[in-house]
Amino acid sequence: MAVNTTVDINNLRGLSKLVSHAAFKKLSVGTNQSAYIRRMKKYLGWEQMGEGRPRTLEALIAAAYQTLCSHYRHEYIYKSRLVTDFVLKHYALEDTVLLNEFRIGSSIADAVLINGTNKVFEIKTELDTPERLTTQLLDYYKAFSKVYVFTHHTLAAKYFELLPSNVGLLVYGGDGAISEERKAISTTQYLDIRTMMGSLRKPEYLKLVKMLAGFIPEATPVFLYKACLETLQCFTPEEVQRAYHSVLKERISVANNQFIEEAVFPCYLNFSIYNQKLHKNSYLTLVNNLNKTL
């Protein structure tokens, strides 16, 4: 398949919006993808692709993904690699949850993995700066014990200098493979019960309180959150963290895991598939859209 290597920066930025979790979610809910295909062709330089032009939407997206891997590695490229080349190689999906854009305090973690261990991944692409990194790390340690920065190999030395020694470093190599250049050291002294509870949905923090205390405090709806927080303060941060991770692991989707393990969809869709709930209709819609002829 021919991939245009002369795409200019504006076209690359346009492609990055089409190769994203938000864009892929839309492929599972609508059958009319003419505007999406038209924009994809424009940004890829369809007229210059010649005989190697893709014949299906799936192949068109694959060409766009490869172009971005080579010339404009935005955040979705890193997240896609994280699932395919790190999580799937080292963890069993039936006992692992990978959370996308997870709020922790005043920060949003790019990805959080909970298994027998727990890890936060902060992605710093070649398009990013280290701005706010110190604040982000402080927030992440309030709920999780191991934190990694995931960056390009050309930036590895820079982040080695910037990061505290307890922060791990994952590196996106020149061949696209991921290597663990420095292991994260488990750090628990900053755990904060309020931050952990604040990152959960209401049914989840109620389950957390019930799991630890054996009851949900009686309170009016207005004061229920405060009463739950006061109940949790009776436990150590480490005890709350163990139960907190157990609650979060209940977000595991057996159906989505099956799609990924059976390679139902192309690997560039793995991260997006993992983070959306596909029911029968959306599954069929996505399959039909990917098979559209151009």
Determine, stepwise, if the pair Y283 / F259 fulfils ring-ring contact (aromatic ring centres under 6.0 Å, His included). CA-CA 10 Å; Y283 163 77; F259 289 139; 5.2 Å; yes
Do side-chain atoms of N256 reach the backbone of N275 as a donor and acceptor pair under 3.5 angstrom?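 No, the answer is negative, given that no donor and acceptor are paired below the 3.5 Å cut-off.
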Are the side chain of S272 and the backbone of L269 linked by a donor-acceptor contact shorter than 3.5 Å?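 Between the backbone of L269 and the side chain of S272 there is no qualifying donor-acceptor contact (under 3.5 Å).
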Residues [X] and [Y]: side-chain donor-acceptor under 3.5 angstrom:
X	Y	value
T188	Q241	no
Y65	S80	yes
N288	T285	no
Y141	N166	yes
N32	S34	yes

Count the heavy atoms of every other residue, nucleotide or ligand shown that sit under 6.0 Å from [atom1] of [X], and state whether that count exceeds 12.
X	atom1	answer
R132	CZ	yes
K41	NZ	yes
K25	NZ	no
Q189	CD	yes
R251	CZ	yes
K158	NZ	yes
E238	CD	yes
Y190	OH	no

Would [X] end up clustered with [Y] when hydrophobic side chains under 4.5 Å apart are linked, directly or stepwise?
X	Y	answer
V264	I61	yes
F150	I185	no
L232	M211	yes
L68	W46	yes
M40	V29	no

Which heavy-atom pair separates A184 from Y148 by the least distance, and what is that distance?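 Where A184 meets Y148 most closely, the heavy atoms are N-OH, 3.2 Å.
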Atom of M196, atom of V240 and distance for their closest heavy-atom approach: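 Heavy atoms only, the tightest pair is CE-CG1, 4.0 Å.
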On the 0 to 90° scale, with breaks at 30° and 60°, tag the Y78-Y172 ring pair as parallel, tilted or perpendicular.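 Ring orientation of Y78 relative to Y172: tilted.
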For Y244 and F102, take the angle between the two ring planes, folded into 0 to 90°, and tell me which bin it lands in: parallel under 30, tilted 30 to 60, perpendicular over 60.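 Answer is tilted, since the angle falls between 30° and 60°.
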Any chance you could pull the hydrophobic cluster mates of F223, using side-chain heavy atoms under 4.5 angstrom and chaining through other members?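 For the cluster that includes F223, the remaining residues are V222.
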Does a side-chain heavy-atom distance below 4.5 Å link [X] with [Y]?
X	Y	result
V167	E122	no
H245	F144	yes
T134	L162	no
K146	S186	yes

How far apart are the C-alpha atoms of Y225 and Y205, what are their side-chain angles, what is the distance that settles it, and do they pass the ring-ring contact (aromatic ring centres under 6.0 Å, His included) test? CA-CA 9 Å; Y225 186 91; Y205 72 67; 5.2 Å; yes
Tell me whether R81 is salt-bridged to D85, with the criterion being a basic N under 4.0 Å from an acidic carboxylate O.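 Yes, this pair counts.
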Salt bridge (charged side-chain N to carboxylate O under 4.0 Å, His left out) against K183, all qualifying residues, sequence neighbours excluded: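 K183 satisfies salt bridge (charged side-chain N to carboxylate O under 4.0 Å, His left out) with E180 only.
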